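This report concerns only the one structure given below.
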Amino acid sequence: MKGRAILFLSFVLLAVSCRTVQQIVVKKDIPLTIEGRLLKNIEEHKPEYNTLFAKRIEGSLRSEKGKSNFKASLKIRRDSFVQVSVTAPLGIEVARVLLTPDSVKIVDMYHKKYFLSDYDFFYDRLEIKVSFDHIQRILTNTFMHVDFASVNGNKRYKMERSDDGYELSTIQEKTLGRKLKRLYKKKRKNKNVMLIQQKTLVDAVHFRPLYFSLEDIEENMGVRVSYEEFRDFSEKYFPTKILFELFDGEERTNLDLRFQKLEFDVPVEANIRILPKYKKMELKTNGN
């Protein structure tokens, strides 16, 4: 599962920076509020942009196997496409990813291979319904709720105040399919459902996510995304660091992204090229 999740996280290379002004300080005096008012504030303060261009990202990937560094760039046209270019330390582009609302395209220049699919691929491999909107929201520091089951009643979240803002959490049951059951059997567990806890910490001043997590609370397994070092980019409030952590018991895989240059509402175009000599990657979906 870890390798599969790393594939998903590899798509999620965000970027941010450009006309940096000053570090924005978050107040620690957290006022009382109610869920409905908080959700309204979150909606009113969501990022407003047409395009985002991150020209330079400094990235690192760490696991028990070691650490590797890379550079990347990111283009986003809202609700249209997300394109990521990954560059080796010597400045040679080694991979490009293009996501649209209905397709996933990956070109591996280094190995001269390519991959084409839709978002059903993620469900076939991970039993998680990933969409273009999910990825776009993660990369643009936008509040997100993942539904694993129907929610009864109007109250969706448990809300608590902390020193940094408001924490919204909810627990849902997810029925396990064959692939996830096979995973748990390898861990000597016999389960038909998993309890997924979703948490989001929201800044009390700008009402933007400071972290987001999904976790199997019985097995200490899941993923966290943290947003740090927010700055004002020409009146756009955005983080300069996004940290991903994949955990399974004591095992940890971390993807850290630092944004060096970011521009909003500038012209961006999607471009991806598959040369005739490239071979198509056929990734199995049988859980093996």
Side-chain angles (χ1 to χ4, degrees), residues 6-24 47-63 66-100 104-111 114 132 134-142 206 208-212 224-246 253-273:
I6 291 173
L7 174 63
F8 168 65
L9 291 180
S10 297
F11 297 152
V12 185
L13 297 174
L14 204 189
V16 181
S17 82
C18 149
R19 312 174 192 95
T20 341
V21 180
Q22 61 182 5
Q23 186 77 23
I24 296 176
E48 294 294 337
Y49 67 95
N50 292 315
T51 66
L52 180 154
F53 178 39
K55 188 174 182 179
R56 183 178 177 184
I57 305 168
E58 300 285 346
S60 68
L61 181 65
R62 305 187 310 277
S63 68
K67 178 181 177 179
S68 59
N69 298 321
F70 60 90
K71 299 182 186 299
S73 65
L74 172 76
K75 299 176 184 178
I76 297 178
R77 180 180 293 165
R78 189 182 189 122
D79 300 330
S80 177
F81 72 83
V82 171
Q83 180 174 296
V84 178
S85 174
V86 180
T87 305
L90 294 179
I92 301 172
E93 187 179 26
V94 295
R96 186 172 293 189
V97 178
L98 177 61
L99 309 177
T100 65
V104 176
K105 299 177 182 178
I106 305 170
V107 177
D108 179 351
M109 295 85 154
Y110 186 79
H111 295 100
Y114 71 95
F132 175 85
H134 290 144
I135 298 172
Q136 180 177 250
R137 284 174 178 268
I138 290 173
L139 295 180
T140 56
N141 186 228
T142 304
H206 300 276
R208 299 282 287 280
L210 299 177
Y211 75 69
F212 170 80
R224 298 188 186 101
V225 183
S226 301
Y227 303 92
E228 299 182 359
E229 299 182 10
F230 284 78
R231 294 183 182 275
D232 190 337
F233 299 92
S234 298
E235 301 182 356
K236 303 287 188 182
Y237 181 69
F238 236 77
T240 59
K241 289 174 65 177
I242 298 183
L243 312 176
F244 298 87
E245 180 183 26
L246 180 70
T253 299
N254 297 88
L255 175 65
D256 298 352
L257 305 174
R258 296 173 178 267
F259 312 119
Q260 304 299 319
K261 286 192 175 182
L262 174 74
E263 295 178 274
F264 292 92
D265 301 327
V266 296
V268 295
E269 297 294 335
N271 52 83
I272 193 165
R273 185 183 180 193

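Heavy atoms only: backbone and side chains are in, while hydrogens, waters and symmetry mates are out. Position 1 is the first residue of the sequence, and the numbers go up from there. Being a predicted model, the structure only gives us computed values, none of them experimental.
At least one side-chain heavy atom of Q136 sits under 4.5 Å from a side-chain heavy atom of D79. Contact annotation: the side chain of F230 approaches that of N141 to within less than 4.5 Å [non-hydrogen atoms, C-beta and beyond]. Using a 4.5 Å cut-off on side-chain heavy atoms (C-beta onward), F81 and V268 make contact. Taking the side chain as every heavy atom from C-beta outward, I242 and V225 approach each other to under 4.5 Å.
Taken from OG1 in T51 to CD in E263, the straight-line distance is 9.0 Å, to the nearest 0.5 Å. Here the CD1 atom belonging to I57 is positioned 13.5 Å from the NZ atom belonging to K261, to the nearest 0.5 angstrom. Annotation: the span from I135 atom CD1 to L99 atom CG amounts to 5.0 Å, rounded to 0.5 Å. Between atom OH of residue Y211 and atom CG of residue L243 there is a gap of 14.0 Å, rounded to the nearest 0.5 Å. Put simply, CG on L255 and OG on S68 are 9.0 Å apart, with the number rounded to the nearest 0.5 Å. For the atom pair E229 CD and F259 CZ, the distance stands at 11.0 Å (nearest 0.5 Å).
S63 and T253 make their closest contact through CB-OG1, 3.8 Å (heavy atoms, listed as atom of the first residue, atom of the second, distance). When all heavy atoms of A88 and V94 are compared, the closest pair comes out as CB-CG1, 3.8 Å. Heavy-atom minimum distance, F53 versus V266: CB-CG2, 3.9 Å. When all heavy atoms of F238 and L52 are compared, the closest pair comes out as CZ-CD1, 3.7 Å. Closest approach of R137 and Y227 over heavy atoms only: O-OH, 4.4 Å. The minimum heavy-atom distance linking S60 with K67 is given by the pair CB-CE, 3.9 Å.
Not counting sequence neighbours, R208 has no partner by the salt bridge (charged side-chain N to carboxylate O under 4.0 Å, His left out) test. By the salt bridge (charged side-chain N to carboxylate O under 4.0 Å, His left out) test, E58 pairs with R56, K71, sequence neighbours left out. Listed by chain and residue number, R77 satisfy the side-chain hydrogen bond (donor to acceptor under 3.5 Å, both in side chains) test with E269 (two or more places apart in sequence, or in another chain). With sequence neighbours excluded, the residues that form a salt bridge (charged side-chain N to carboxylate O under 4.0 Å, His left out) with D265 are K236. Every salt bridge (charged side-chain N to carboxylate O under 4.0 Å, His left out) that R62 has, sequence neighbours left out, goes to D256.
Between F264 and F233, the two ring planes are tilted [angle within 30° to 60°].
For the salt bridge (charged side-chain N to carboxylate O under 4.0 Å, His left out) condition, the pairs that include at least one residue of residues 82-96, sequence neighbours left out, are E93-R96.
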(request) Begin with the C-alpha distance, continue with both residues' side-chain angles, and end with the deciding distance and a verdict on side-chain contact (heavy atoms from CB on, under 4.5 Å) for K105 and T100. (result) CA-CA 9 Å; K105 299 177 182 178; T100 65; over 6 Å; no

(message) Apply side-chain contact (heavy atoms from CB on, under 4.5 Å) to residues I138 and F244 and explain how you reach the verdict.
(response) CA-CA 10 Å; I138 290 173; F244 298 87; 3.9 Å; yes

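For OH of Y49, the number of neighbouring non-hydrogen atoms (other residues, nucleotides, ligands) closer than 6.0 Å is greater than 12.
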